[in-house]
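Whatever order the structure lists them in is the order used to number ligands and atoms, beginning at 1. In this text the structure is predicted, and so the values were computed from the model without any measurement. All residue numbers refer to positions in the sequence shown, counting from 1.
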Amino acid sequence: MKRILVSACLIGLPTRYNGKDAKREEVLKLAEGECLLPLCPEQLGGLPTPRPRATLSGGKVVNEEGEDVTENFLRGAGMVVELCKKLGIKKAILKEGSPSCGVNFTNVDWERVPGKGILTKMLETEGIKVEGVQ
Ligand code: SF4
């Protein structure tokens with residue numbers, strides 16, 4: 001059975017900044033045939049839930065209270081990548097539009113724009129294939 005990393009919010013865990021999930025039935029269905037590893041890099045980076053929204057800006061990650069949370073984002077994404085390497089995970093399914101998990105769309109200066117989130121960039125650097133889910 002293949003192991004696949006998924007954004008924790010996509011399988012219904014309330015990990016989003018607003019304390020809600022982003023459950024997608026198509027992702028949950030994968031669990032019938034695959035071993036899913038649900039993780040949230042922002043929680044792993046030490047941020048609370050709920051938490052202030054954050055965006056990529058000028059090479060940093062800032063939240064709506066004006067705090068620099070770049071270290072949290074980098075630390076959490078790094079933990080996810082290390083775990084994927086240890087477990088031999090080669091594929092990830094992540095939530096589009098997030099400054100962490102976005103694959104084709106991310107958030108820059110509070111706008112949804114084409115681009116990749118911090119976790120996606122790090123996973124792809126390690127050769128892990130990443131798919132995005134809206
Ligand atoms: S960081 Fe990723 S897993 Fe966590 S809530 Fe945001 S999109 Fe979901």
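Looking at heavy atoms from C-beta onward, K90 lies out of side-chain contact with K129 at the 4.5 angstrom threshold. When side chains are defined from C-beta on, S57 does not count as touching V108, because their heavy atoms never get closer than 4.5 Å. Between L44 and V80, some side-chain heavy-atom pair lies under the 4.5 Å cut-off. Using a 4.5 Å heavy-atom cutoff, the side chains of P41 and C101 are in contact.
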Chi angles and distances behind the side chain to side chain donor-acceptor pair (under 3.5 Å) call for N72, E42: CA-CA 7 Å; N72 300 90; E42 294 178 20; over 6 Å; no

Chi angles and distances behind the side-chain contact (heavy atoms from CB on, under 4.5 Å) call for E82, K85: CA-CA 5 Å; E82 281 310 306; K85 285 164 69 179; 3.4 Å; yes

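With a 4.0 Å cut-off on non-hydrogen atoms, S98 touches ligand 1 through its side chain and not its backbone. Heavy atoms of R51 found under 4.0 angstrom from ligand 1 belong exclusively to the side chain. Contacts between L94 and ligand 1, counted as non-hydrogen atom pairs separated by less than 4.0 Å, are absent for every part of the residue.
Which parts of ligand 1 touch L39 is read off a 4.0 Å heavy-atom cut-off, strictly below it: atoms 3 (S). For ligand 1, the atoms closer than 4.0 angstrom to any heavy atom of A8 are 3 (S). Every atom of ligand 1 is numbered from 1 in the order shown, and the set under 4.0 Å from a heavy atom of K95 is 7 (S).
Closest non-hydrogen pair, I128 versus A92, comes out as CG2-N, 4.2 Å.
For the residues E96, E42, R16, the heavy atom positioned nearest atom 1 (S) of ligand 1 is part of E42.
For residue C9, an N/O/S atom approaches atom 8 (Fe) of ligand 1 to within less than 2.8 Å.
The shortest contact between atom 4 (Fe) of ligand 1 and any protein heavy atom is with C40 SG, 2.4 Å. Taking atom 2 (Fe) of ligand 1 as the reference point, the nearest protein heavy-atom neighbour is C101 SG, 2.3 Å.
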